[in-house]
Structure formats: C-alpha cells, structure tokens
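This report refers to the structure that appears directly beneath it.
Computed from a predicted structure; not experimentally measured. We use all heavy atoms of the structure for the numbers below, so side chains are in, but hydrogens, waters and symmetry mates are not.
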Amino acid sequence: MLQIGSAICEIALWLGGIIFLHREEKRKNFSVRIWISSIIALVLSIVLSIYYGGDFPFPKIVLQIFSTIALIGYMLWNWKVTPSVAIYNFIWTRIVWWLIIETWQFAIAVLERVVPLSVHGKCISLVVLFMFSYALCDRTICRWIPENGQKRIGPRKLTAAILICVIFELLAYRPELLNVEETNLLNAFPLFLLQWISAIVLYLQNELFRKSSMKQELELVNLLLEKEHEQYRLSKENIAIINQKCHDLKHQIRAVRKVTEEERDQYLREVEESISIYESIVQTGNEVLDTILTEKSL
C-alpha cells in the first residue's frame, strides 16, 4: 500500500505542475516536449515511489530536493515562463498536493475507525480526491492568481512565497502528520489547521501584491492624466499668446503704412523680435524631448 500510494502521489505532483501552468504560453514543439518529459517524469515517479520508505543510501531530503529541481525543470522545458514564475507555480503545486494528501489521510483515519477499508478502496479514493481537487483548483486558484492573464512574480513576492512554503514543509514533516493513521488525530489536527492557514496566507499574499500593483498602475494613470492636463493648459496658454501676437501684428502692419521710415524700422524690429522667439527650437536629437523643451521655453 505504501509504494502504490507513493506512486500515485508522485505522479499527482507532476500532474499538479501541469494544472498550474497549462494556460501559460507553450514552447515550440510542445507536443513532443511534453510527451518526452512526461515519460521521464513517470519513470522518475516510479523510481522515487520504490525507494520511498525503503533503505536508500541518501537521506530522503535528497530525494525531495531532486524531485523539486526536476519538476521546476519540467515546467521551464515545456512552457515559456521565467524561473521565478516556475518556482512560484511549484510552490502552489506543492502546497495543494500536500493538502490533498493530508486531507485524504485524515478522512481515511476517521473512516477506518468506523469501517475497515481495503487497499484498492484507499487508492481509488486517493485518485478520485486528486482529480476532484485539481479540477477545483483549475477553476479557482489557477484563474485567480494571474493579473490580467499574466503572472507577475517579483523578488519580494517570490521570497515571501518561499518562506511560507518552508514553514508549510516543516509542518508537513512533523511525525504527527507523517503518520496520521497511527497517531492521535487531536494532536495532528492543529498542525493540519496551521497548514491550511499557511495556504490561505499565501493566497492573501498574492492578493496583497495584486492590489499593490493595481495601486501603482492607478497612481501612474493619475500622473499621466495630470501631465496631460498640464500639457493642455500650456497648449491653451501658447495658443492665447500666439493669438495675441497675431492681433498685435495686425495693428503694427496698419501702423507701418502711416508712419515715417524711421518709425517703420522700429516697428519691423519689434516684429522680428516677436517672431524670433518661435524660431528658438531645441534640438537634442530626441523628437519627443525637443517638443517638450521647446514648448516649455515658449
């Protein structure tokens, strides 16, 4: 039962990675990639399940680290995601995977106190629970995490998620949770509850960063609107100045026709000075910057 259950759990871990990433952009020749990597993953899962609980020359933590690296590599190989996105999805995959297993263990421990269950019944119930839970995750968490269809994982968000995952894993490897069927459920349940709280905190952390990102985007939009309003005000002032200058020029032209030659020269100098300020165009090589600086100088 231990090896069969372990094989189901190992395969389910890799399937969880697919569930959390299947909406991401796929790499070229995805069909070939996914088949080859999935066959390798299946063989790896069987090997790990054989050694689970047996005599292995390395500590079990080595197997977990190797499985983690392999799953993250599996994600990067098949989907066009950054390492931070792959790690973040692995964290969600791992936490959901653990919660499903431990929920199943608690349910089996309670049911067996009422009615004995066969090995096949336990395995089937585990498979059904994984299928139902992954379908539920695909409809909920996998759709809620992305922002506008994209997963934005910054350094702070990733660091916080890794910290939550470490705390979750430390709780998962407590003896009370590793042997739920053999221990007192009252001793294991508080740890199980803390794990659910950790998962909730991870989701709230995602929502907190989402709201922070939305706040920054809103501030940027407000800043752009403010700059646009300022640009409109400056343009309106410039138009008013130009209209005033044109109005003055009309009177000056009329006056030029009636004055002496000396006064005419004076009027022409004033006209040249009025026009010369509009010829002082700034040239920096950047068209946008030239336009802004020229308008400011006007």
Practice task
Go through the steps for Ile153 and Thr82 under the test side-chain contact (heavy atoms from CB on, under 4.5 Å), then give the verdict.
Solution key: CA-CA 9 Å; Ile153 313 300; Thr82 61; 5.9 Å; no

Handout entry: Parallel, tilted or perpendicular: ring planes of Phe130 versus Tyr134, cut at 30 and 60 degrees
Key =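 It falls in the tilted class, 30° to 60°.
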
Practice task
Using the six-membered ring wherever Trp is involved, compare the ring planes of Phe192 and Trp196 and label them parallel, tilted or perpendicular (cut-offs 30° and 60°).
Solution key: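 Ring orientation, 0 to 90° scale: perpendicular.
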
Taking every non-hydrogen atom, the tightest pair across [X] and [Y]:
| X | Y | answer |
| --- | --- | --- |
| Cys9 | Trp97 | O-NE1, 2.7 Å |
| Ala161 | Gln205 | N-NE2, 3.8 Å |
| Ile100 | Ser133 | CD1-CB, 3.3 Å |
| Trp92 | Phe20 | CB-CE2, 3.6 Å |
| Ile72 | Ala86 | CG2-CB, 4.1 Å |
| Met75 | Gly17 | CE-CA, 3.7 Å |

Between [X] and [Y], is any pair of side-chain heavy atoms under 4.5 Å apart?
| X | Y | value |
| --- | --- | --- |
| Val114 | Val110 | no |
| Ile19 | Cys142 | yes |
| Ser37 | Asn78 | yes |

Practice task
For Tyr74 and Trp79, run side-chain contact (heavy atoms from CB on, under 4.5 Å): C-alpha distance rounded to whole Å, both residues' side-chain angles, the deciding distance at 0.1 Å, then the answer.
Solution key: CA-CA 9 Å; Tyr74 177 85; Trp79 287 274; 4.2 Å; yes

Problem - Check: Phe30 ring centroid to Trp35 ring centroid under 6.0 Å - result: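 Centroid separation for Phe30 and Trp35: 6.0 Å or greater.
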
Starting at [atom1] of [X], measure out to [atom2] of [Y] and round the result to the nearest 0.5 Å.
| X | Y | atom1 | atom2 | result |
| --- | --- | --- | --- | --- |
| Thr93 | Ile18 | OG1 | CD1 | 10.0 Å |
| Ile91 | Ile164 | CD1 | CD1 | 8.5 Å |
| Leu21 | Lys26 | CG | NZ | 9.5 Å |
| His229 | Asn222 | NE2 | CG | 13.5 Å |
| Ile69 | Phe66 | CD1 | CZ | 8.0 Å |
| Glu102 | Leu171 | CD | CG | 9.0 Å |

Handout entry: Arg27 NZ/CZ over Trp77 ring centroid, <6.0 Å and within 45° of normal
Key =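 No, a cation-pi geometry is absent between Arg27 and Trp77.
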
Grouping I, L, V, M, F, W and Y whenever their side-chain heavy atoms are under 4.5 Å apart, do [X] and [Y] come out in a common cluster?
| X | Y | value |
| --- | --- | --- |
| Leu71 | Leu42 | yes |
| Phe132 | Leu126 | no |
| Leu15 | Val128 | no |
| Val201 | Leu170 | yes |
| Ile11 | Met131 | yes |

Exercise for the section: Check the surroundings of atom CD in Glu226: do more than 12 heavy atoms from other residues, nucleotides or ligands lie under 6.0 Å from it? Expected result: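 Atom CD in Glu226 is not packed in, count stays at 12 or less.
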
Handout entry: Donor-acceptor contact below 3.5 Å, side chain Arg94 vs main chain Cys165
Key =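 A pair under 3.5 Å: no.
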
Handout entry: Sidechain-backbone polar pair: Lys80 side chain, Leu76 backbone, donor-acceptor under 3.5 Å
Key =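 The answer is no, because no donor-acceptor pair under 3.5 Å joins these two groups.
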
Handout entry: Check ion pair Arg23-Asp138 (N to O, under 4.0 angstrom)
Key =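 Salt bridge flag = yes for Asp138 with Arg23.
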
Handout entry: Pair Tyr173-Trp98, ring pair (Phe, Tyr, Trp, His ring centres under 6.0 Å): steps then yes or no
Key = CA-CA 10 Å; Tyr173 280 99; Trp98 265 121; 5.6 Å; yes

Exercise for the section: Tell me, with the steps shown, if Phe168 and Leu163 meet side-chain contact (heavy atoms from CB on, under 4.5 Å). Expected result: CA-CA 9 Å; Phe168 187 96; Leu163 180 60; over 6 Å; no

Problem - Polar contact flag, side-chain donor to acceptor under 3.5 angstrom, Trp104-Ser125 - result: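 Trp104 vs Ser125: donor-acceptor pair found between side chains.
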
Practice task
Could you tell me whether the side chains of Lys157 and Asn206 share a donor-acceptor contact shorter than 3.5 Å?
Solution key: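 Side-chain D/A pair, Lys157 to Asn206: present.
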
